[in-house]
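Shown next, in structure tokens, is the structure this report addresses.
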Amino acid sequence: MLKTAIIGASGYTGAELALMVEKHPQLKLAGLYVSANSLDAGKSMAELHGKLAGLIDMEIEPLVDPLVVASQCDVVFLATAHEVSHDLAPIFLAQDCQVFDLSGAFRVKSEDFYPNYYGFEHQHREWLDKAVYGLAEWNREAIQHSSLIAVAGCYPTAAQLAIKPLINANLLDTEQWPVINATSGVTGAGRKATLTNSFCEVSLQPYGVFTHRHQPEIATHLGCEVIFTPHLGNFKRGILATITMKLAAGVTAQQVDEAFTQAYADQPAVRLKSSLPSIKDVEFTPFCDLGWRVQGEHIIVVSAIDNLLKGASSQAMQCLNIHYGFSELTALV
């Protein structure tokens, strides 16, 4: 049994991870932690997340000494702020812990990226170089061999799963950048209450236009520039991304179908749909649903995921299963 700790356990993603660890036959929940000054320290997981009552009543502890925690576990999930993961991951890695980081702290191998988009200077170039991007369907072999998995972001997961098969098959005219319009539920903003994500205040609207940090993450890992416009929707969970792209000259609908089938035929967490996907079909599941329409020289691909699951916690667990050679959807379905 792999002793597993979750740092940042009190948030929505931490709660989902805790339940998955509890369900996993090869993992043992070794500890739930939050920052030492968090108001959630000392409370039970069930007190914060009622759905876990009777399942996980473990107390959430303040993270006072990471070295002590590292000595007591084999696996660490970091569901923490980007700058916190930046500081904590090297500590756990130095103690031979396997780290799955759900923040953006190690996703992009460019030091300039972090001051520009995350507001801090990256101090761990060695680990930045060693980290493997945790987009499970596309980086399986590297995930198997890395001690630091930088789990892909929620919007980037929805977008890349829709675009990568076409890029890899050379079916796109990338002179016209793919245009990604994506809408997320308010849980994407985290559990801490603010006026911005107050459910009574949320109205469907775009944000981060031309400035959102997920745009360079998507572009870097696609190897293709994109236009990315995120929207906040007045619903709790899920992401729906609608992506418009120009096909290369002469590309047929049959070639498009074959590219998606070849890419995902053996990928259990991606479902190819004849209809266009919706959030209701993927919420509370670890799946990404993809559907598309071709007309003339253009294609529109629609991608739907649960932002807390395939966009965060279940993808992290999927990466763990790949890394250790477990069945890929263990503890997820």
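Please read all numbers here as calculations on a predicted model, not as lab measurements. Computed over heavy atoms, backbone and side chain alike; hydrogens, waters and symmetry mates excluded.
- With hydrogens and angles disregarded, no donor-acceptor distance shorter than 3.5 Å links the side chain of E283 to the backbone of I279.
- Under the 4.5 Å side-chain contact rule for hydrophobic residues, Y264 and W292 share a cluster.
- L135 and F228 fall within a single hydrophobic cluster, where Ile, Leu, Val, Met, Phe, Trp and Tyr side chains are chained together by heavy-atom contacts under 4.5 Å.
- For K236, the NZ atom sits in a loose shell: 12 or fewer heavy atoms of surrounding residues, nucleotides or ligands are nearer than 6.0 Å.
- In this structure, K164 has no salt bridge (charged side-chain N to carboxylate O under 4.0 Å, His left out) partners at least two apart in sequence or on a different chain.
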Distance-only criterion, 3.5 Å: show the donor-acceptor pairs between side-chain atoms of residues 323-331 and protein atoms not counting sequence neighbours.
| from | atom 1 | to | atom 2 | distance (Å) |
| --- | --- | --- | --- | --- |
| H323 | ND1 | I143 | O | 2.8 |
| H323 | ND1 | Q144 | O | 3.3 |
| H323 | ND1 | S146 | O | 3.4 |
| H323 | NE2 | Q98 | OE1 | 3.1 |
| E328 | OE1 | R140 | NH2 | 2.5 |
| E328 | OE2 | R140 | NH2 | 2.8 |
| E328 | OE2 | Q318 | NE2 | 2.7 |
| T330 | OG1 | S327 | O | 2.6 |

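- Remark: K28 NZ is loosely packed, at most 12 non-hydrogen atoms of other residues, nucleotides or ligands lying under 6.0 Å away.
- Nearest approach of A316 to F77, heavy atoms of both residues: CB-CE2, 3.9 Å.
- Across all their heavy atoms, H214 and C154 have their closest contact at CE1-SG, 4.3 Å.
- A donor-acceptor pair under 3.5 Å is absent between the side-chain atoms of T157 and the main chain of G311, judged by distance alone.
- A heavy-atom distance below 4.5 Å is found between the side chains of L172 and L247.
- In the hydrophobic cluster analysis, where Ile, Leu, Val, Met, Phe, Trp and Tyr join through side-chain heavy atoms closer than 4.5 angstrom, V302 is grouped apart from L290.
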Could you check E22 against M58 for side-chain contact (heavy atoms from CB on, under 4.5 Å), going step by step and ending with a plain yes or no? CA-CA 11 Å; E22 188 67 20; M58 183 182 291; over 6 Å; no
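- Side-chain contact between S184 and P230: absent, with no pair of heavy atoms (C-beta onward) separated by less than 4.5 Å.
- Around atom CG of D266, no more than 12 heavy atoms belonging to other residues, nucleotides or ligands sit under 6.0 Å away.
- A salt bridge links R271 to D289: at least one charged side-chain nitrogen sits closer than 4.0 Å to a carboxylate oxygen.
- Under the 3.5 Å distance criterion, the side-chain polar atoms of N307 are matched with a main-chain donor or acceptor of G238.
- H231 places a side-chain N or O within 3.5 Å of a backbone atom of A182 that can act as its donor or acceptor partner.
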Atom pairs and distances, donor-acceptor, side-chain atoms in residues 101-108, under 3.5 Å, two or more places apart:
| from | atom 1 | to | atom 2 | distance (Å) |
| --- | --- | --- | --- | --- |
| D101 | OD1 | S85 | OG | 2.7 |
| D101 | OD1 | S103 | N | 3.0 |
| D101 | OD1 | S103 | OG | 3.0 |
| D101 | OD2 | S103 | OG | 3.0 |
| S103 | OG | S85 | OG | 3.3 |
| S103 | OG | A105 | N | 3.1 |
| R107 | NE | S103 | O | 3.1 |
| R107 | NE | V151 | O | 2.8 |
| R107 | NH1 | E217 | OE1 | 3.3 |
| R107 | NH2 | L102 | O | 2.9 |
| R107 | NH2 | S103 | O | 3.4 |
| R107 | NH2 | V151 | O | 3.3 |

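- Between E137 and Q315 the shortest side-chain heavy-atom distance falls below 4.5 Å.
- Although no hydrogens or angles enter the test, the distance criterion places no donor-acceptor pair under 3.5 Å between the side chain of K310 and the main chain of A158.
- Between the side chain of T4 and the main chain of L2, a donor-acceptor pair closer than 3.5 Å is present.
- One hydrophobic cluster, built from ILVMFWY side chains closer than 4.5 Å, holds both L29 and L48.
- A distance-only check finds no donor-acceptor pair linking the side chain of H49 to the backbone of K51 [under 3.5 Å].
- Between the side chain of Q95 and the main chain of F92, no donor-acceptor pair closer than 3.5 Å is present.
- Between the side chain of D74 and the backbone N or O of K3, at least one donor-acceptor pair lies under 3.5 Å.
- Taking each heavy atom of P66 and L88 in turn, the nearest pair found is CG-CD2, 3.8 Å.
- Checking side-chain atoms of H86 against main-chain N and O of Q123 turns up a donor-acceptor pair under 3.5 Å.
- Other residues, nucleotides and ligands contribute only 12 or fewer heavy atoms inside 6.0 Å of the CG atom of L39.
- Y117 pairs with exactly one of F113, F120, Y114 by the ring-ring contact (aromatic ring centres under 6.0 Å, His included) rule, that one being F113.
- When hydrophobic clusters are built by joining Ile, Leu, Val, Met, Phe, Trp and Tyr residues whose side-chain heavy atoms come closer than 4.5 Å, directly or via intermediates, I167 is grouped together with V226.
- Other residues, nucleotides and ligands contribute over 12 non-hydrogen atoms within 6.0 Å of the CD atom of Q205.
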